[in-house]
Amino acid sequence: MTESIDKEIKWRYDLLAEIGGKSANFAIDPAILREWRIYGGQQGIWVDKQRTAMITEDGNGLAMGLLHKGNIYPDDFDETGVIYHYPVTNRPQSRDAGEIEAVKNCSRLKVPVFVITISQTKLSKRDVYFGYVTMWDDRAKVFIIEFGTDERALAVQETEMPFELKVHEPKTTYEASSRPDQATFRISVIRRYGAQCAVCEMSVIDLLDAGHL
């Protein structure tokens, strides 16, 4: 199985090289992403189960691409990573649960994922980020995906970087208020202390902003 995992990781890095090779790649044609099976359109979590189910012990496979709709959770995303909410759909619960496990499998096996957003320069294109699922919290129903092309560097970053709260004036993006470095701060807090308030133990993730914490 280790050999299969190594091949899957290499395959994803090869795909990354084709679209730019960076942790953030901009204005990519969505048709190309579909052709390479990185992207499943409006489906939030895309799992290429046909190819990856046999790699995982539970048969749920490995998540490939995660669509992030930034207008819904503007403070959950920046150039360093994303706080990605578990899917809640009208589909059978088993399907949502299987996709959630497929994202967890990427974390367990240290397999990178692609995060896709609508391009900021052209709505018909997609921006594609690359990184690792570094944490999940079933109580708050969120994943943390940190962007970067070196999984080991992300682990070092967590232990060595000091906490720093930055204060900025709000700016408007996509008709939603977005604060620079807010996602970075929230990710750092949640990684260290979990997705709940240290004082009142509230775990409603949408209320856990920097001010509350």
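- Between Asp78 and Phe147, the shortest heavy-atom distance links the atoms O-CE1, 3.4 Å.
- Relative ring orientation between Tyr13 and Tyr132 is described as tilted, the plane-to-plane angle lying within the 30° to 60° band.
- Atom CD1 of residue Ile100 and atom CG of residue Asn60 lie 10.5 Å apart, to the nearest 0.5 angstrom.
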(request) Step by step, work out the side chain to side chain contact (heavy atoms under 4.5 Å, CB included) result for Ile118 and Arg126. (result) CA-CA 5 Å; Ile118 295 174; Arg126 300 292 178 264; 4.3 Å; yes
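- Atom NZ of Lys7 and atom OG1 of Thr2 lie 12.5 Å apart (nearest 0.5 Å).
- Using a 30° and 60° split on the angle between ring planes, Tyr84 and Phe143 fall in the tilted class, from 30° to 60°.
- Looking at residues two or more places apart in sequence or on another chain, you find a side chain to side chain contact (heavy atoms under 4.5 Å, CB included) between Ala27 and Ser119, Thr121, Lys125.
- Minimum heavy-atom separation, Gly61 to Thr52: CA-OG1, 3.4 Å.
- How far OH of Tyr86 is from CG of Asp137: 6.5 Å, rounded to the nearest 0.5 Å.
- If you take CG on Asp127 and CD1 on Ile28, they are separated by 8.0 Å, rounding to the nearest 0.5 Å.
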Let me have the donor-acceptor pairs involving side chains of residues 14-24, under 3.5 Å, with sequence neighbours excluded, atom names and distances please.
residue, atom, partner, partner atom, Å
Asp14, OD2, Lys10, NZ, 2.9

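- Taking the side chain as every heavy atom from C-beta outward, Leu67 and Tyr39 approach each other to under 4.5 Å.
- Trp11 places none of its side-chain heavy atoms less than 4.5 Å from the side chain of Trp36.
- Counting heavy atoms from C-beta outward, His85 and Asp76 have side chains that approach closer than 4.5 Å.
- Residues satisfying the side chain to side chain contact (heavy atoms under 4.5 Å, CB included) test with Arg108, not counting sequence neighbours, are Asp58, Glu101, Lys104, Asn105, Trp136.
- Between the side chain of Arg91 and the backbone N or O of Val88 there is no donor-acceptor pair closer than 3.5 Å.
- Interatomic distance, OG1 of Thr134 versus CD1 of Ile145, reported as 8.5 Å (0.5 Å rounding).
- Counting heavy atoms from C-beta outward, Leu62 and Arg51 have side chains that stay 4.5 Å or more apart.
- Contact of the Val113 side chain with the Met64 side chain is not registered, since no non-hydrogen atoms from C-beta on lie closer than 4.5 Å.
- The backbone N or O of Val133 sits less than 3.5 Å from a side-chain atom of Ser107, completing a donor-acceptor pair.
- Side-chain contact between Trp46 and Ile38: absent, with no pair of heavy atoms (C-beta onward) separated by less than 4.5 Å.
- Asp6 CG to Lys110 NZ: the interatomic distance, rounded to the nearest 0.5 Å, is 13.0 Å.
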